[in-house]
Amino acid sequence: MKLRVRPLRILLAVGIFAALAYGFRGEVVNFVFLRPQTPPGPQQGLRREDVREEDVTVVADGLDVPWALAFLPDGSLLVSERPGRLVRIAEDGDRRSYAIDGVRHAGEGGLMGLALHPDFAATGWIYVCLTAEDEAGFENRVERYRLDEERLGERKVIIDAIPAASFHNGCRLGFGPDGYLYVTTGDAGSPRRSQDRRSLAGKILRLTADGEVPSDNPFAGPAYSYGHRNPQGLAWDERGRLWSTEHGRSGGGSGFDELNLVERGSNYGWPEIEGDETAPGMKPPVLHSGPSYTWAPSGAAYLDGRVFFGGLRGEALYEARIRGSRAAGLRAHFQGEFGRIRAVRVGPDGFLYFSTSNRDGRGRRRSGDDKIVQVNPAVFR
C-alpha cells in the first residue's frame, strides 16, 4: 500500500511547531507548560453616577503629565510633571514650582518617580527618577534633593547609568518598610537585559538612602528582583510584602500585563515566559490581563486588603482584592470617565488619590487636564 502524503497537513504541522518553538516572539525560547488562561477583562466596577459627588472630587487640575504624587508633612501635595517640574500644591490651592535641571523629556522619559525620605521632617530629602542625556546618549538616574519652602538644593546622584529609551523606563520609587529605597527599571527596549543580572535594566533595585547597596541584597549589586519588562507600580501590604504592576508585551499582540508579588532574588520571567506560562526558576504573575485585554498598569497603592492601580490604555482605576498570596478577582472603576490614570496614592487622610495622564501624547485631553482626583475609599466596600 502506497503512503499518501498530504502537503497541506504537513505544512500546517510544521507551522504550529515553529510557532511554539519560537514562542511567537521571533526568537528561540525554552518549552514551557501552559495552564488555562485567566478570563480576559475585569468586572465592571463603580461609575461616577454610582457615588455621591463629594466622594469623588477633583482636588487639582491644569497639570502637565503628572507622574508621581507625595504628601508633605504640612499637608501639601508634591507632584512630579514629566517635562521636568515639581509642583507643590498647598491645602489652600496655592502652588509653587521647582525646576529640575537636566531632564530630557522625550517619548516616555522625563521626570517620573518621586519619593520622600521616611524621616522627611528631619532630613528634608526627596528622591526623583529622571531621564537625562549624557555623552553616550540617554540614561535614567535617581537624584536626591533637600526641599524647603523656597527651593531645591544639595543635589546628590543616588544611582545613574540605568538604561533609558523612548519606551520602558520604569522609574517608580518607593521606600519600603525596611527603610530602603526601591527603584523600578524597564528593559529600555532590549528584553534580554531583563535576564542579565549584571544589567540595571528590567529590575527592581534596592538601595540605601545614600545610594549604597545593602549587605543583604540577593546579588552582588543593586538588583532585588529581575526578569521584569516595565514595572511602574510599587505597593507594600500590611505584612510588608511588595506588590508591583508591570506592562506586558506591546504591538499587535499586546496584553499579559501583570500584578506580581515580588520576593527577594526572584526572576519574573521576561522575556522567556508571560501570562500563565511557567519555567524552572521563574515566577508567573499573581494576576495578568490575558492575551487580548490591556491594562497598561502604572502607579499602585495598597489599602484595606486591596491593591489599587492605574490603567493607562485601560483608562480605569483597577482594584484587585488580595487573599493570602493570590488576587481574588479584578474590578475596573470609572472606566473611560477620567481617561488615562497614572499615579495612585493613599493620602494621610486615608483617601485614595490618582492622577490622569491625558496630556502625554497618547490620551484624549479633557477639560481641565491633567487632574488629581480624590476618592473616598468607603465607596469600594
Taking 4.0 angstrom as the limit, do [X] and [Y] come out as a salt bridge?
X: Glu274; Y: Arg229; answer: no
X: Arg381; Y: Asp304; answer: yes
X: Arg365; Y: Asp369; answer: no
X: Glu246; Y: Arg172; answer: no
X: Asp196; Y: Arg198; answer: yes
X: Arg206; Y: Asp178; answer: yes
X: Arg141; Y: Glu139; answer: yes
X: Arg88; Y: Asp94; answer: no
X: Arg48; Y: Glu337; answer: no
X: Glu315; Y: Arg313; answer: no

Hey, what's the ring geometry for [X] with [Y], parallel, tilted or perpendicular (30° and 60° as the breaks)?
X: His228; Y: Tyr268; answer: parallel
X: Phe380; Y: Phe308; answer: tilted
X: Trp295; Y: Phe309; answer: tilted

Cationic tip of Arg197 above Tyr226 ring, under 6.0 Å, 45° of axis
yes

Partners passing side-chain contact (heavy atoms from CB on, under 4.5 Å) against Ala106 (at least two apart in sequence or in another chain):
Arg104

Cluster overlap [X] with [Y], hydrophobic side-chain contacts below 4.5 Å:
X: Leu261; Y: Leu259; answer: yes
X: Phe354; Y: Val379; answer: yes
X: Tyr180; Y: Ile162; answer: no

May I ask you to test the Leu86-Ile100 pair for a side-chain heavy-atom distance under 4.5 Å?
yes

Let's go through Arg144 and Asp210 carefully: what are the C-alpha distance in whole Å and the side-chain angles of both, what is the deciding distance for salt bridge (Lys or Arg N to Asp or Glu O under 4.0 Å) to 0.1 Å, and is it a yes or a no?
CA-CA 9 Å; Arg144 186 181 76 193; Asp210 291 322; 2.8 Å; yes

Does the separation of the ring centres of Trp270 and Phe256 fall below 6.0 angstrom?
no

Are Tyr145 and Tyr127 an aromatic pair, judged by ring center distance below 6.0 Å?
no

Neighbour count >12 (heavy atoms, 6.0 Å) for atom [atom1], [X]:
X: Arg95; atom1: CZ; result: yes
X: Glu54; atom1: CD; result: yes
X: Gln43; atom1: CD; result: no

Would Leu330 and Arg321 count as a side chain to side chain contact (heavy atoms under 4.5 Å, CB included) here? Give the steps.
CA-CA 7 Å; Leu330 185 73; Arg321 292 180 178 268; over 6 Å; no

Search all heavy atoms of Val344 against all heavy atoms of Gly310 and return the closest pair with its distance.
CG2-N, 3.4 Å

Using every non-hydrogen atom in the two residues, find where Ser97 and Val87 come nearest and quote the distance to one decimal.
OG-CG2, 4.0 Å

Salt bridge (Lys or Arg N to Asp or Glu O under 4.0 Å) between Glu143 and Lys156: does it pass, once the steps are laid out?
CA-CA 6 Å; Glu143 298 180 350; Lys156 175 182 172 63; over 6 Å; no

Say whether [X] and [Y], considering side chains only, have a donor N or O and an acceptor N or O under 3.5 Å apart.
X: Ser244; Y: Asn260; value: no
X: Asp187; Y: His168; value: yes
X: His333; Y: Glu319; value: yes
X: Arg241; Y: Ser325; value: yes

Run the numbers on Asp360 and Arg342 for salt bridge (Lys or Arg N to Asp or Glu O under 4.0 Å), then give the verdict.
CA-CA 10 Å; Asp360 62 4; Arg342 174 81 65 177; 3.5 Å; yes

Between Tyr182 and Trp236, is a ring pair (Phe, Tyr, Trp, His ring centres under 6.0 Å) present by the stated rule, with each step listed?
CA-CA 11 Å; Tyr182 290 75; Trp236 285 267; 5.2 Å; yes

List, one per line, each side-chain donor-acceptor pair under 3.5 Å for residues 62-72, sequence neighbours excluded.
from, atom 1, to, atom 2, distance (Å)
Asp64, OD2, Arg85, NH2, 3.4

Passes side-chain hydrogen bond (donor to acceptor under 3.5 Å, both in side chains), Ser357 versus Arg362? Steps please.
CA-CA 9 Å; Ser357 191; Arg362 295 184 176 181; over 6 Å; no

Value for OH (Tyr318) from OG (Ser298), rounded to nearest 0.5 Å, stands at 12.0 Å

